[in-house]
Amino acid sequence: MKKINNADNFIRKIIDKDNESGKWGGRVHTRFPPEPNGYLHIGHAKSICLNFGLAIEYDGKCNLRFDDTNPLKEESEYVRSIIEDVSWLGFEWGNEPLYASDYFGQMHDFAVKLIQAGNAYVCDLDPDQVKLQRGTLKKPGINSPYRNRSIDENIDLFAKMRSGEFANGEKTLRAKIDMAHSNLNMRDPVMYRILHATHHRTGDDWCIYPMYDWAHGLEDSLEKITHSICTLEFEDHRPLYDWYLDQLETYHPQQIEFARLNLNYTVVSKRKLKRLVDDGFVEGWDDPRMPTISGLRRRGYTPESIRNFSEGVGVTKRDTVVDVAKLENSLRDDLNKRSPRVMAVLDPLKVVITNYPDNELEYVDAINNPEDESAGKRKLAFSKEIYIERNDFLEEPPKKFFRLSPGKEVRLKFAYYITCNEAIKDEKGKLIELRCTYDADTKGGRSEDGRKVRGTLHWVSVKENIKAEIRLYDRLFNNEHPEKNGDFIENINEESLKVIDNAVLERSLHLGASDLPYQFERTGYFKIDSKNSTPDKLVFNRAVSLRDSWARFNKKVG
Ligand code: ATP
Ligand code: MG
């Protein structure tokens, strides 16, 4: 894959400097360390592109490592989905994925080492008491009454913790640092807790589990990571990351923080996304409205569009909210170049061409992609009866309506010019059919005499087509900042999904025909929903409209 981190970012500068000074012997070794407690989202995609991208750029390595230290929330389903999503984005990690749980034994031995050096102790306080005695930013904490246990006693108690002699929460192992430290993370943080729970990989081997801060630096160290890149909220944890590794006098990577990706009209937090799934607000983790990688994939996003977006938003130290339109535009840019164009009528209105031979079926040439000549042409069926989009006709058109209306002539793309003569309605006054005439001299949608028509419509033959269900999506949240002011659930857009069940499509479309979304002429990019489609009934998801309708809307009202 081509190198993707072309934009200048401060992490590259750090790496360049390290390479100059020979700090890591010219090595660059990063990692992406998800906790398998949910599906990956677009924020993770940014971290993946950054970490794997740097490894590609510097001929280094990037590990995929599961940070599976919490048996209560983690599941194998999440592991499987994460592997699938990272591969789909186009990245490789060389070896097998790695698991923090594979290091539980080594972490335990490191803890014993810390106890032996007098730098850790077993504490009997429960979590509430620990919290109470921790102090505040203004007030120092209080030393635990168990802080001065002897090394031997600590060794003995820790062994008993490990062998299961205590109940959940009865004891913890804490680092002995400084209860008056200005950084609260340094006030004797908990390293191990007791949890009698079955782990998705180690089963019941362990009943003590390491806390994140203790585990993470060791994982990085054991894997000989050079640059441990994480998000800004870990900046205050860096002194602790450094302290553990310094005390153990072991290999010591450099932690570097960058700002998380936030998107407007979107939530990116596994916990909140899980709530949307568990409470049935969406169909599942891969619902096309979800900002998960699997949801984006089902919606029609391409790996290229997500990688380009991640690169485009850059890497900074300052928290910002990126406009979700930027993500959508990245997809448009990609699909505009590559996606096959097809005819699809979402809301069909029948047109009868009265002067066209009754049983004739002819084939006109249609261009597959005007942006890519090599995509070639295909044949489209044309007949006396066709469907056009209902909103392409108006009986009493306003001034700048260039589509069809009584007496007006338009071009049917790739076919002929037609003129509307009559609009047929049912008893209730609903428009059911148009009667038009065509000009046989305008084949291919061009006129010999050079006369111009302003409107060009898409269409599908009544004689030869397939029916499909179309799902149109709008933003999942009404509010630009769904997480501000109260519960984000209250900002859910009730109309984020609209289902159309009577669309008609040109016959070339079928399951498995294209992996890429199609451009439906004039209406947007649509991808076959392989989950809900059958050979008899196709379901399409609209990935994105052709243009940013929100930008136009805002212009109008703004
Ligand atoms: P969430 O808040 O969604 O639960 P997390 O940070 O708890 O996310 P992890 O599985 O721990 O999820 O994340 C794996 C990696 O992805 C971490 O290095 C984390 O910093 C990074 N990451 C998570 N969310 C974002 C984001 N919004 N932008 C950039 N990187 C992110
Ligand atoms: Mg986390």
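Position 1 is the first residue of the sequence; numbering continues from there. Every value quoted in this text rests on a predicted model; they were computed, and no experiment measured them.
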Tell me every residue that passes side chain to side chain donor-acceptor pair (under 3.5 Å) with S294, counting only those two or more places apart in sequence or in another chain. none
According to the interplanar angle, ranging from 0 to 90°, do the rings of Y39 and W285 count as parallel (below 30°), tilted (30 to 60°) or perpendicular (above 60°)? parallel
Between D67 and H216, does any side-chain donor sit less than 3.5 Å from a side-chain acceptor? yes
Sorted by chain and residue number, the side chain to side chain donor-acceptor pair (under 3.5 Å) partners of D501 (sequence neighbours excluded) come out as none
For the residue pair F52 and F91, is the inter-centroid distance of their aromatic rings smaller than 6.0 Å? yes
Are R299 and E328 within salt-bridge range, i.e. N to O under 4.0 Å? no
Do any pairs count as a ring-ring contact (aromatic ring centres under 6.0 Å, His included) and have a residue in residues 149-174, sequence neighbours left out, and if so which ones? H108-F158, F158-Y192
Could you name each residue pair satisfying side chain to side chain donor-acceptor pair (under 3.5 Å) that touches residues 484-493, not counting sequence neighbours? R275-D487
With sequence neighbours excluded, residues passing salt bridge (charged side-chain N to carboxylate O under 4.0 Å, His left out) with D102: R201
Got a sec, which residues hit side chain to side chain donor-acceptor pair (under 3.5 Å) with N19, two or more places apart in sequence or on another chain? none
Is the F477 ring parallel, tilted or perpendicular to the F488 ring (thresholds 30°, 60°)? tilted
Sequence neighbours excluded, the answer for side chain to side chain donor-acceptor pair (under 3.5 Å) partners of T320 is none
Applying salt bridge (charged side-chain N to carboxylate O under 4.0 Å, His left out) to K73 and not counting sequence neighbours gives none
Taking salt bridge (charged side-chain N to carboxylate O under 4.0 Å, His left out) as the test, write out the residues that go with R134, two or more places apart. none
Residue pair D334 / Y525, side-chain donor-acceptor N/O under 3.5 Å: no
Donor-acceptor pair between W24 and D18 side chains, under 3.5 angstrom: yes
Which residue pairs pass the side chain to side chain donor-acceptor pair (under 3.5 Å) test when at least one of the two sits in residues 159-170, sequence neighbours left out? D156-K160
Are any of the side-chain nitrogens in R80 or E84 under 4.0 Å away from the carboxylate oxygens of its partner? yes
Going by atom types alone, do E223 and Y103 pair a side-chain donor with an acceptor below 3.5 Å? yes
Using salt bridge (charged side-chain N to carboxylate O under 4.0 Å, His left out) as the criterion, list what pairs up with R289, not counting sequence neighbours. D287
Taking side chain to side chain contact (heavy atoms under 4.5 Å, CB included) as the test, write out the residues that go with L72, two or more places apart. N70, L195, A197
